[in-house]
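Letters go in sequence order (proteins before strands), and every chain restarts at 1.
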Amino acid sequence: MASDASAADARARARTGGARYGREAAVHTGTTPDGAHAPRRWGPEGTGAAGTGVGGSESSGAGAGRTPPEPAVVGRADGGRTGVDRSDVGGTGVGGTSVGGIGRAADTGWDNGGDGGDEAEDGGDASGAGFRRGAPRGTADPVKLLLHRHRRLCESAVDPLEIAAGLEAHGLTDRAALSGFRHRDVFALAEELYARVPHDGEAPGPAPVTRTARSGPASWVLLTLLPGAPAALTLLALCHLEGPARLGAVAAGACALVWSVAASLRRGPLRSGGRPARAAGVWAAWLLAYAVCGDGALHALLGGGPDAARHPDLVPLVALSCAVAPAAWCARLFSVQARRRLAESRSLADFAADTRPLLLAAVALYAVALTAIGLLVPLVFHGRVPLGPLVGLGTLLLLARLLAVHGFPGAAASGLAAACAAEALAAGSVLAGRLPGCAALGAPAAQLVRAWGA
Amino acid sequence: MRIGLLTYGGYPYATGECGLWCDRLVRGLADHEFDVYALDDTPGRDPRRGQRGLDGPPPQARRVRTASPWAPADDGRRYGRRDRRRFAGHFGQLALGVCDERADSFSAGLHGLAELAADRGGLCAALRSETALRILEAACRAPGARRSVRDASVSDLVAFADALERALRPLSLDWYGGGDAGLSAVDLCHATTAGPAALPGLLAKRFFGVPLLVSEHDVHLRTHYLANDGAREDAARTPVRALLAAFHGRLAAEVYRAAQLVTSGDAHARRWQERSGADRAKLRTIHPGMAADRFAGVGERDDAGDPDTLVWVGAIGPDQDLVSLLHAFARVREQRPAARLRLVATEVAAGAGAACLAHCRALAARLFPDRAQGAYETGGNPVSFEDAGGPGAPGLPGVYASAGVVVLPGSAEGFPVSLAEAMFCGRATVSTEAGAVVGVVGGTGLVVPPRNPEALAHAILGLLADNGRRRRLGAAARSRALELFTPEQNVAAFREVYLDVLSHSPGRPTAAVVGAGGAPLPFAAAAEAHVPVRWAEEAGRCVVGAGAAAGAGGRDV
């Protein structure tokens, strides 16, 4: 056959790669008028391969199988043999495409099955064209075929370099870019691909909502319901016990209360995530202590000195500890809704404007819940609870905890410290009013107490 | 010399072939000291897990320090007003450099942040604060910003700030000062990547004047693009990927700018380094070495192998083009009916690899009917699928010894190991042109375009027909492999590179000795005091002999 004479030339050319021969072939035949990169004289195989859509590498490689001296004969002979081969492989041209399709589909690389299907069709086209002698099918734009093949890569790329990385991972080399696409290297080809793909502001999909790992929805719910129990039990015990048993009950109740509050704050939406808020905790403890016994102390001071320790009023403490659960629920509501707005908002100003009413709503909800508890607890325990200070203290504590949870422990601590300072100022001014000549200092506090009742 | 080795993933637990190369380098350069500073690159990976049976670090690796950017880090310091303003200024420069292609304030911002972290600490918390988010948003909405980052939403900015803080974690580590135990005491920083793991090298150069050398086998920017491509299901959104890509690109350019020499494993990586902004005068190509002693027996035998056997060795996976190999073998069979093909798989990639194997088996069964010796014998397929290490192919040297021609039609990413092994065995090769193949083969084997069974078949037939040509090509391949791909040449090349880099660096500025009256005394410190050599050697090495001692002293430098 003609391959004996052509084998030597093919060997020589195969050693240096098909690219150079592709260029030589173009020089031999001259550039075709429509700029087809595959010389048309090489018959249907060269052009058919160009129509395959695998890029110029295959066409230049197919060119390597041909020899210049006997173009038509070899082309036809090779075309015939290859045509026979393709039919031999699968029995028919269809079989050939199915095998080719399997081969291509198995070679997934960057493309998914869709592109493998494209290739199967193109393979069918080529085998069909293999039997059409001399029908010119050179394309003027091989880059368009490459663009179609790597459409997903090109559209989702943020950079020409990303397209270049993808093309190289798919096997394209500088030589193929030069021979098939007339670009200096793969980077220049990638820049052309990047420029040709429309990048006009794709409709941004919804941001993926990250689900934080939760330790089970029930655990923190139960934990937040916990602090109410020791406080109530202690109060009941105090009502019914006398003498040294009272001290024991108070001690046990205090320990249980502290432990349960700490446990409920360690998990769930009131968890401060590893940022220790020690200072805020200290001020919060002071505020609670004042809530318990500060009113009585202030009255006693105003009445002329701490003569007798008034009975400490534990009912507000019970109300506050029962309100830990609503606080946790409000905090969780706030954080879930805020995260949703974070995923949807387009700028920081938008996010702030969306979240402010949400914060107010959460705090107001907690205030309502605390008022309800404040009305219920005195009915159960036969005590008296001033609603205004209770709700104010509860809201202040909730705000401080929210600040600590969401990353501002310093602000929380300073807020609570300011409240403590105000209360200390009130008590201190009354005490200072007793000093000779400073009666005016004690007057504002006394007036406020008379107006609002401590 | 003390070398600070900056890697990903700890030593000897570094990832992939980089780890093996690090191991060979450290063991080969036994007269230098190595301090390994490793940054963990995957979340949740135990940095102490061994890799491929490597035992512990050799005695040259004096110190191994690891850090994981995935661990939460917060040293509890917060910035005051002045520091906050300083941070805003530097971070604004960095953000502008990332978002704007034409701005060149990235390196100023990066170094400013490094100084702030060194002075005040607390950079991790500041990078995750609201100030940082506001600055990022302003940079993204600036007039000259890239088109793809312009519509970044708040969650995109948060995601990018998270990734940025993790990438800039090396700025806050305590690896730098500390006298003898930090990067201030090394003579040379050798970074194995141009990514965030090279940040300590940048800082050491800036603060202490330690020269930086970068060697890359897989270019970091390219692996970043391949790992974060947008076609995956869990890919991040476009603005985040655009910002990350811009950041890594700028960081790579900065690392290449600060490095004194940049080496790559092959010409393929070199192109990426040039493209990322490395100065061409700084680039060297040093091929990675591979252990090839077991192939010496086969390689020295000078026979051309069995003229009817083709061998393919590799890992079966979706990027290996076995289909065109089978088609080419069909054409080869027409000319030489006695030919047979052995496909020796070193490993099968999970999932897609098994599917590929099944497809190839089906294709082989369809293309090549079983053939028997006689009418009453059991036939066999001329294509045999074997496992390396299995009963049919107990050792790779034997496999290569039986081959007439070794065929490698895959698209090889990275260094084509089986091609180099075939070259060590002195076998003629036919491979498809992809990646670094042409640089590895040179002129000692045939290279055909990819996905072209006809060209492949032509090349194979030409080789199988000519014994002498196969022998000549094989001998040329073996001598090329011995010249370029042995670990000894790799180690020797790096020894010379170390000397080169150190000879060009200005040296540590020691305090000038002042004499009476405050005038500096010239020549007060002997020149040997500046040479980074350990003069106190163990007794065993000094006793060897005069010539050997002089040689040992020279080698010690």
Side-chain angles (χ1 to χ4, degrees), chain A residues 7 10-11 14-19 54 57-58 60-62 64-65 78 82 85 89 99 102-104 106-110 152-153 155-159 161-162 165-166 168-171 173-176 185 187 199 201-202 204-205 207-208 274-275 342-348 350-351 410, chain B residues 72 74 78 133-134 137 147-148 151 153-156 158 221-222 225-226 229-231 234-235 237-239 241-242 245-246 249 268 271 275 318-319 321 323-324 327 330-331 352 355-356 359-360 362-363 366-367 411 413 433-435 438 446-452 454-455 458-459 461-462:
Chain A
R11 238 186 292 146
R15 189 185 310 154
T16 53
V54 281
S57 55
E58 198 165 280
S60 60
D78 276 354
T82 332
D85 269 354
V89 161
V99 167
I102 288 178
R104 298 296 179 260
D107 173 20
T108 48
W110 278 72
R152 265 182 89 177
L153 165 65
E155 279 174 0
S156 65
V158 300
D159 231 350
L161 286 180
E162 181 168 351
E168 284 186 359
H170 212 79
T173 55
D174 280 349
R175 260 178 232 220
D185 52 14
F187 296 113
H199 282 284
E202 38 154 307
R275 287 179 287 258
L342 181 75
E344 288 167 356
S345 63
R346 302 197 49 99
S347 78
L348 283 175
D350 288 348
F351 176 60
Chain B
D74 190 2
R78 299 284 179 268
L133 277 183
R134 284 193 201 279
E137 189 185 18
R147 201 174 29 174
S148 44
D151 52 354
S153 70
V154 180
S155 49
D156 296 335
V158 169
L221 195 57
R222 184 162 167 264
Y225 278 127
L226 289 180
D229 73 88
D234 61 339
R237 291 184 45 196
T238 307
R241 290 193 300 121
H268 191 63
R271 290 164 54 249
R275 183 71 188 196
D319 56 346
D321 203 4
V323 172
S324 37
H327 284 296
R331 287 168 177 72
C356 276
H359 282 309
C360 294
L363 183 59
R366 194 184 326 204
L367 284 177
S411 68
E413 284 197 34
E433 178 188 4
V438 175
L446 300 192
V447 177
V448 295
R451 295 205 178 170
N452 195 341
E454 298 178 19
H458 270 292
L461 282 171

Looking at A/A343 and B/S155, what are the two nearest heavy atoms and their distance? O-OG, 4.1 Å

Without swapping roles, check the side chain of B/E137 against the backbone of A/L348 for a donor-acceptor pair under 3.5 Å. yes

Under the side-chain contact (heavy atoms from CB on, under 4.5 Å) rule, what do B/D229 and A/L153 come out as? Steps first, then yes or no, please. CA-CA 8 Å; B/D229 73 88; A/L153 165 65; 5.6 Å; no

Is there a side-chain contact between A/R346 and B/D151, using heavy atoms and a 4.5 Å cut-off? yes

According to ring pair (Phe, Tyr, Trp, His ring centres under 6.0 Å), who are the partners of A/F187, at least two apart in sequence or on a separate chain? B/W272

A/A165 versus B/L226, closest heavy-atom pair with distance: O-CD2, 3.8 Å

Minimum-distance pair of heavy atoms, taken over all atoms of B/S153 and A/S345: CB-O, 3.5 Å

Non-hydrogen atoms of chain B under 4.5 Å away: do they reach the side chain of A/S347, the backbone, both or neither? both

Please answer whether the main-chain N or O of B/P449 pairs with a side-chain N or O of A/R175 as donor and acceptor at a distance below 3.5 Å. no

Could I get the full list of salt bridge (Lys or Arg N to Asp or Glu O under 4.0 Å) partners for B/R271, not counting sequence neighbours? A/E168, A/D174

Tell me, side chain or backbone of B/R241 under 4.5 Å from chain A's heavy atoms, or both, or neither? both

